[in-house]
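Each remark here refers to the structure printed beneath this line.
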Amino acid sequence: MQLENPAIVAFILRRIALSLVTLVLLSLMVFFGGQVLPGNVGRAILGPFADEASVQALNQSLGLDRPYIVQYWDWISNFVQGDMGMSYAFRSPVAPFVLDALANSCKLALVAFLIVVPLGILGGIVAALNVNRPIDRIISLGGLSVTVLPEFVTGIVLILIFSIWLDWLPVTATWPEGAGLGTQLYHLILPSLPLFLVLFGYIARMARAGMVEALDSDYTRTAVLKGLSWPTVIRRHVLRNALLPTITVIATQTGYLIGGLVVVETLFRYQGIGSLIYTAARGKDFPMLEAGILTIGVVFALATLAADLAYTLLNPRIRLGAET
Amino acid sequence: MSALDSAAEERSPLRELIAALGRSRTFLVGAAILLFWIFCALFGEFIVPYDPLADDIINSLLPPSAEHWFGTDQLGRDVFSRVIVGSRDILTVAPLATVLATVLGTTLGLITGYFRGLVDDIVSRIIEAFMAIPVVIVALLAIVALGPSTLTVITVIGLAFSPIIARTVRSAVLAERELDYVAAAKLRRENALYIMFGEILPNVLPPILVEATVRLGYAIFAVATLSFMGFGIQPPSPDWGLSVSTNYGMIGGGFWWTVLFDSLAIATLVVGVNLIADGVAGTLDD
């Protein structure tokens with residue numbers, strides 16, 4: 001890679017700076033939403049019948065009587081060092097809960113990605129090779145129709161079909177303690193399907209668009225005219241150029257995936273970061289909620305950053321050429 | 001009809017748009033679905049066989065039958081009546097959120113696109129950063145902090161969607177501001193506010209219209225999801241997402257009719273609005 005190229009270095013630095021701005025903005029929103037807007041936290045924990053003195057004492061012991069700017073700095077600098085605060089509900093550090101949940105969510109997301117990426121790309125390729133034929137219509141229209149459906153809607157229908165009527169797959173995603181990889185996978189198939197349905201349409205559409213463009217290009221015509229066989233043309237010239245944009249789209253979909261995880265994990269009662277956020281939100285456990293959201297923000301920022309950098313390094317001409 | 005009349009008719013862009021939409025099958029199917037649900041929202045309560053909110057414990061959890069077409073839920077309420085009337089709240093909240101997002105986003109986009117320079121740089125970076133945050137998460141946090149209410153949901157979704165519309169409007173404005181009519185307005189010493197809203201805005205309406213219909217689909221998605229999670233439309237509304245949320249715990253007992261019909265209702269509405277968006281986009285692109 002030509003890392004010495006100053007334009008690329010400048011672009012990468014700019015891109016990293018943008019991620020940092022996003023994270024700072026998110027942390028401010030999380031702080032504002034979690035610690036400023038709710039008002040009197042001591043009162044919220046102790047309930048309406050506690051006397052004023054104990055409410056104030058609790059606020060003081062939680063450090064909530066200090067100026068907001070001090071509280072923010074304290075919170076964010078601790079967070080960066082791995083101390084995510086104390087849960088109101090469990091009266092214990094938040095970090096282990098968040099990290100466990102994150103690991104579980106990663107398993108679910110990984111299963112979903114492993115199913116959707118090959119199938120989505122394959123769907124796009126098949127559609128592109130049959131442009132405007134019935135099979136293309138089915139893949140494109142079908143993919144787009146399920147993409148727009150909320151995950152809990154597809155989730156409910158899938159549960160009804162595969163768990164209740166056919167009795168093939170378990171209703172909940174939680175496997176028995178100490179279950180092996182096979183059992184874990186078996187429990188994760190159904191929850192990953194709603195995520196699959198949301199992502200399939202996007203990925204197939206991008207792969208299809210990239211393929212159609214590549215098939216239409218001069219280099220493909222040249223390859224055909226110089227006598228290469230059609231499979232060789234597809235493999236060597238079309239696929240290579242078509243799949244690069246698809247890879248970026250896949251990485252940017254982590255945002256949708258994370259939003260979807262909150263819903264899917266709630267629906268399937270899976271102990272991931274989405275259901276952690278949901279439970280914390282219902283119980284007004286603000287330290288847990290803040291830590292969960294900020295962790296997701298960090299993961300998301302890293303994923304999109306990695307996607308953008310990979311895309312730039314693989315194909316500097318496109319990104320830097322389009323830069324104004 | 002005289003030649004003059006037909007010439008005037010051909011030139012009216014609005015009539016042309018409506019005529020073109022009338023030829024788009026995608027748009028017509030979507031519009032029919034949406035109109036059906038709007039009709040149910042407005043007049044559903046007069047045509048349904050039962051009161052959608054009335055409990056009837058003795059007849060709870062009955063499967064679909066001639067009396068209760070979609071069965072009854074755990075409180076004995078008629079599911080068919082609830083599904084028909086359940087379109088009302090989501091069809092109020094989601095469009096209002098979309099209008100708010102469109103107004104805010106258009107204003108932001110006009111300002112950043114027209115003035116460019118430092119204002120544009122700062123606002124654009126903030127918009128970019130904001131767009132990198134999943135909407136459901138932002139909405140969840142804000143609603144928990146403010147307490148769930150219809151007004152909160154509208155405001156939060158409206159705010160969360162406005163940057164996306166702002167970006168679309170900005171790029172349209174960037175192209176328009178270089179055109180002669182803007183230069184002419186500047187020469188006439190019109191003030192910036194008039195140039196932005198009186199001169200440029202009418203010319204960037206088509207992309208705004210497309211973006212707004214697309215956003216309406218996402219707003220319905222978001223409101224339904226938030227209601228399902230208990231942070232959107234609140235009881236005792238017969239809202240679909242809310243009904244699924246209260247009934248899906250019993251799904252293991254085989255009471256499929258308490259969740260299936262509400263889910264399908266959401267699905268048809270979302271798909272309908274997306275078909276409209278596709279139809280509008282396709283028509284304006286040609």
Side-chain angles (χ1 to χ4, degrees), chain A residues 17-26 29-30 32-39 144-157 159-160 163-165 171-172 252 254-260 262-263 266-267 274 277-278 280-282 284 286 289-290 292-293 296-297 300-301 304, chain B residues 26 125-126 128-147 174 214 217-218 220-231 240-241 244-245 247-249 251-257 259-260 262-268 270-275 277-278:
Chain A
L18 184 65
S19 296
L20 286 175
V21 172
T22 305
L23 283 176
V24 170
L25 198 71
L26 177 65
M29 281 170 50
V30 168
F32 190 74
Q35 295 185 28
V36 181
L37 279 186
L144 275 189
S145 310
V146 290
T147 287
V148 299
L149 297 178
E151 296 88 354
F152 77 93
V153 170
T154 49
I156 287 281
V157 175
I159 290 178
L160 286 175
S163 299
I164 308 296
W165 291 332
V171 178
T172 62
T252 54
T254 41
Y256 291 95
L257 191 67
I258 287 164
V262 180
V263 178
T266 309
L267 183 64
I277 287 176
Y278 173 74
R282 298 236 82 171
K284 303 210 170 188
F286 284 108
L289 182 63
E290 290 167 32
I293 292 180
I296 275 185
F300 180 50
T304 43
Chain B
T26 322
R125 287 299 89 71
I126 293 178
E128 252 176 83
F130 194 79
M131 281 178 52
I133 302 168
V135 170
V136 176
I137 305 286
V138 178
L140 197 69
L141 179 70
I143 291 167
V144 173
L146 295 168
L174 283 182
V214 172
Y218 282 104
I220 291 172
F221 187 117
V223 173
T225 300
L226 287 171
S227 299
F228 166 71
M229 304 196 63
F231 297 106
W240 301 324
V244 173
S245 153
N247 289 309
Y248 87 95
I251 203 168
F255 307 109
W256 52 271
W257 57 89
V259 288
L260 181 65
D262 291 286
S263 300
L264 293 181
I266 298 172
T268 56
V270 176
V271 169
V273 170
N274 276 281
L275 288 176
D278 273 5

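Naming: A, B, ... by sequence-line order, numbering from 1 per chain.
- The contact between Ile251(B) and chain A is made by backbone and side chain atoms together, counting heavy-atom distances below 4.5 Å.
- Among the candidates Val21(A), Ile164(A), Ile156(A), the residue making the largest number of heavy-atom pairs closer than 4.5 Å to chain B is Ile156(A).
- Interatomic distance, Thr225(B) OG1 to Tyr218(B) OH, rounded to the nearest 0.5 Å: 12.5 Å.
- Atom OG of Ser245(B) and atom CG of Asp262(B) lie 11.0 Å apart (nearest 0.5 Å).
- Between Trp165(A) and Trp256(B), the ring planes are perpendicular. Angles over 60° get that label, and only those under 30° would be called parallel.
- The structure places OG of Ser145(A) at 8.5 Å from CG of Asn274(B), a figure rounded to the nearest 0.5 Å.
- At a 4.5 Å heavy-atom cutoff, the contact between Ile296(A) and chain B is made by side-chain atoms alone.
- In this structure, the portions of Glu151(A) lying under 4.5 Å from any heavy atom of chain B include both its backbone and its side chain.
- At least one side-chain heavy atom of Leu267(A) sits under 4.5 Å from a side-chain heavy atom of Tyr248(B).
- Val24(A) does not touch chain B: none of its heavy atoms, backbone or side chain, sits under 4.5 Å away.
- With a 4.5 angstrom heavy-atom cutoff, Ile159(A) touches chain B only via side-chain atoms.
- Distance check: Phe300(A) CZ to Ile293(A) CD1 gives 14.0 Å after rounding to the nearest 0.5 Å.
- Ile266(B) touches chain A through its side chain: at least one heavy atom from C-beta onward sits under 4.5 Å away, while N, CA, C and O do not.
- Comparing Val259(B), Asp278(B), Val273(B) by heavy-atom pairs within less than 4.5 Å of chain A, the highest count is held by Val259(B).
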